[in-house]
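Take a look at the structure set out below.
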Amino acid sequence: MKIGRSVPSEPLPPQPRRSHRAAGLIIGALILLAAFLVAAPYVSSALNQGYSFLSGSTATGPSTLTTTGSALSTATSGPQCSSAVSVRSLANPDITNGSADVAYPSDYCTLASYALGLINQDRAANGTGPVTLDYNQAAQQHADSMLYFGYFSHFDTQGYKPYMRYSLLGGTGADFENVAYYYYSFPNFVTTNHVMAAIQTLEHSMVYNDSTCCNNGHRYNILDPLHNKVAIGVAYNSTTVYFDEEFENYYISLNYTVTAPTASNPDYVNMTGVPLQHVAAPNSIYVAFDSTPAATTPAQLSAGPHEYGPGTLIGGVLPRSGFFGDCGQFSSGTTVCADKWTFSANTADFAFTLQPFVKQYGPGVYTIYLITGSSTESAITSISVFII
């Protein structure tokens, strides 16, 4: 489904994302390109290096490095970078009780501004509007995790997928992840400019060298016109740079609760908020299920699988209509009729129970996708609810 496609009036069945999408969509397999030389003055022809990414046109090679991000930066609404991040030493970044010990490198603001400029330069060159910088910690937390534990994957040592980390760390939009890393066999990343060169190579490759690796999944993710924000994660030592892009569809300032109003009707969801900018009115909610996450070793993560999807789509929620207040039915899975369904320029208000899903599938992670089109690609939420 391409963004902007019209939606039939009848409710559509839940359907998995296309295999070529990156982030919240299924991501391409791991690739490794050894002995690829960065087009920067400090690189010699004999370096042992490589880069990889997870999630076209033929690349002509990385363009010349811009040594500052100011020329490419896009102004952001919200906090200034320096007031939104805390520089600290790398420590175990596992998520506990909705928070994590996230470590930003001392040059994070320069690197994030530079990466944002590259992303928006690529979007402008392909006719897509800019994204603004967000500071949800999911991007930096995952980059920290990969550097701290020494692995490369969309999953992490706690068994979480990207949209789970995004929700646990306060995200209420829809999350779509790209991750990449650059490696040298000897100390090389000793200045900010060296790290910027790696980011430039990784971004360029995800946009222009992605067809063989990942069916252009990263490229589609970077250029998706529905994305309006991106959180950047950069974690590095002298030999390795980890780069994380968490693209967001963030259109509602949203609060949500999951309560147990009665013994017979637990796991009740209330989602309320204010739309921030125009987006197509949601037509359905998809519910996806993941088994309870389990701890995973770095060796297991590096061995794969590296791909991830939106979970198993098990049905969803539809608005009520008509004299009797009934709702349509999905062609497969479980259908729940919403108790509240309001969406206007000033109000977003949805309420429904997860009980029928939980009774069928039991403990696990239930992710709520508020859909504006006909697949999870058009979601404006990816709220993960952990049912124990």
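In this text, all values refer to a predicted model and were calculated from it rather than measured experimentally.
Both Val336 and Tyr361 are members of a single hydrophobic cluster when ILVMFWY side chains are connected at heavy-atom separations under 4.5 Å. Linking ILVMFWY side-chain heavy atoms closer than 4.5 Å, directly or via other members, places Phe186 and Tyr182 in a single hydrophobic cluster. Phe243 and Leu223 fall within a single hydrophobic cluster, where Ile, Leu, Val, Met, Phe, Trp and Tyr side chains are chained together by heavy-atom contacts under 4.5 Å. One hydrophobic cluster holds both Met271 and Ile387 under the rule that ILVMFWY side chains link at heavy-atom gaps under 4.5 Å. Val358 and Ile383 fall within a single hydrophobic cluster, where Ile, Leu, Val, Met, Phe, Trp and Tyr are joined by side-chain heavy atoms under 4.5 Å apart, directly or via other members.
The two residues Phe155 and Tyr151 have their closest heavy-atom pair at O-CE1, 3.4 Å. Scanning all heavy atoms of the two residues, the minimum distance from Cys327 to Pro319 falls at CB-O, 3.2 Å. Scanning all heavy atoms of the two residues, the minimum distance from Leu133 to Ala112 falls at CD2-CB, 4.2 Å. In plain terms, the two heavy atoms of Gly364 and Phe289 that are nearest each other are CA-CE1, 3.8 Å.
Between the OG atom of Ser205 and the CG atom of Asp210 there is a distance of 9.0 Å, given to the nearest 0.5 Å. Taking CG of Asn126 as the reference point, atom CZ of Arg219 lies at 4.5 Å (rounded to 0.5 Å). We find the OG-CG distance between Ser378 and Leu370 to be 9.0 Å, quoted to the nearest 0.5 Å. Note that CZ of Phe330 is 9.5 Å distant from CG of Leu313, once rounded to the nearest 0.5 Å.
None of Phe247, Tyr220, Tyr250 except one satisfies the ring-ring contact (aromatic ring centres under 6.0 Å, His included) rule with His227; the exception is Phe247. Tyr166 pairs in a side chain to side chain donor-acceptor pair (under 3.5 Å) with only one of the listed residues (Glu248, Glu246, His142, Gln141), which is Glu248. For the side chain to side chain contact (heavy atoms under 4.5 Å, CB included) criterion with Pro293, the lone passing option out of Gln158, Met164, Lys161 is Met164.
With hydrogens and angles left out, the side-chain atoms of Gln80 and Ser83 include no donor and acceptor closer than 3.5 Å. For Thr239 and Asn237, the side-chain atoms include at least one donor-acceptor pair closer than 3.5 Å. A donor atom on one side chain and an acceptor atom on the other are found under 3.5 Å apart for Asp290 and Tyr163. Between the side chains of Ser238 and Tyr184, no donor N or O sits under 3.5 Å from an acceptor N or O. Side chain to side chain, Asp267 and Tyr366 fail the donor-acceptor criterion of an N or O pair below 3.5 Å.
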Discussion item. With side chain to side chain contact (heavy atoms under 4.5 Å, CB included) as the criterion, how do Asn283 and Ile371 come out once you've worked through the C-alpha distance, each side chain's angles and the decisive distance to 0.1 Å?
Written reply: CA-CA 6 Å; Asn283 59 71; Ile371 302 297; 4.3 Å; yes
Practice prompt. Let me see the working for Asp107 and Tyr236 under side chain to side chain donor-acceptor pair (under 3.5 Å), right down to the final yes or no.
Written response: CA-CA 11 Å; Asp107 54 358; Tyr236 68 93; 2.9 Å; yes
Practice prompt. For side chain to side chain contact (heavy atoms under 4.5 Å, CB included), just list the numbers for Leu90 and Asp144, CA-CA rounded to whole Å, side-chain angles, deciding distance to a tenth of an Å, and then say yes or no.
Written response: CA-CA 7 Å; Leu90 184 66; Asp144 286 350; 3.8 Å; yes
Worksheet item: Where do Leu147 and Tyr181 land on the side chain to side chain contact (heavy atoms under 4.5 Å, CB included) test, with the steps shown first?
Response: CA-CA 10 Å; Leu147 181 62; Tyr181 82 91; over 6 Å; no
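When side chains are defined from C-beta on, Ile232 does not count as touching Leu111, because their heavy atoms never get closer than 4.5 Å. A heavy-atom distance below 4.5 Å is not found between the side chains of Pro93 and Val102.
Side chain of Thr296 to main chain of Leu301: no donor-acceptor pair is present (N/O by atom type, distance under 3.5 Å, no hydrogens or angles). Formation of a donor-acceptor pair under 3.5 Å by the Arg88 side chain with backbone atoms of Ala103 is not found in this model. Not a single donor-acceptor pair under 3.5 Å links the side chain of Asp122 to the backbone N or O of His204.
Between Phe152 and His306, the ring-plane angle classifies as tilted under the 30° and 60° cut-offs.
Here Asp175 does not pair with Arg165 in a salt bridge; the nearest charged N to carboxylate O distance is not below 4.0 Å.
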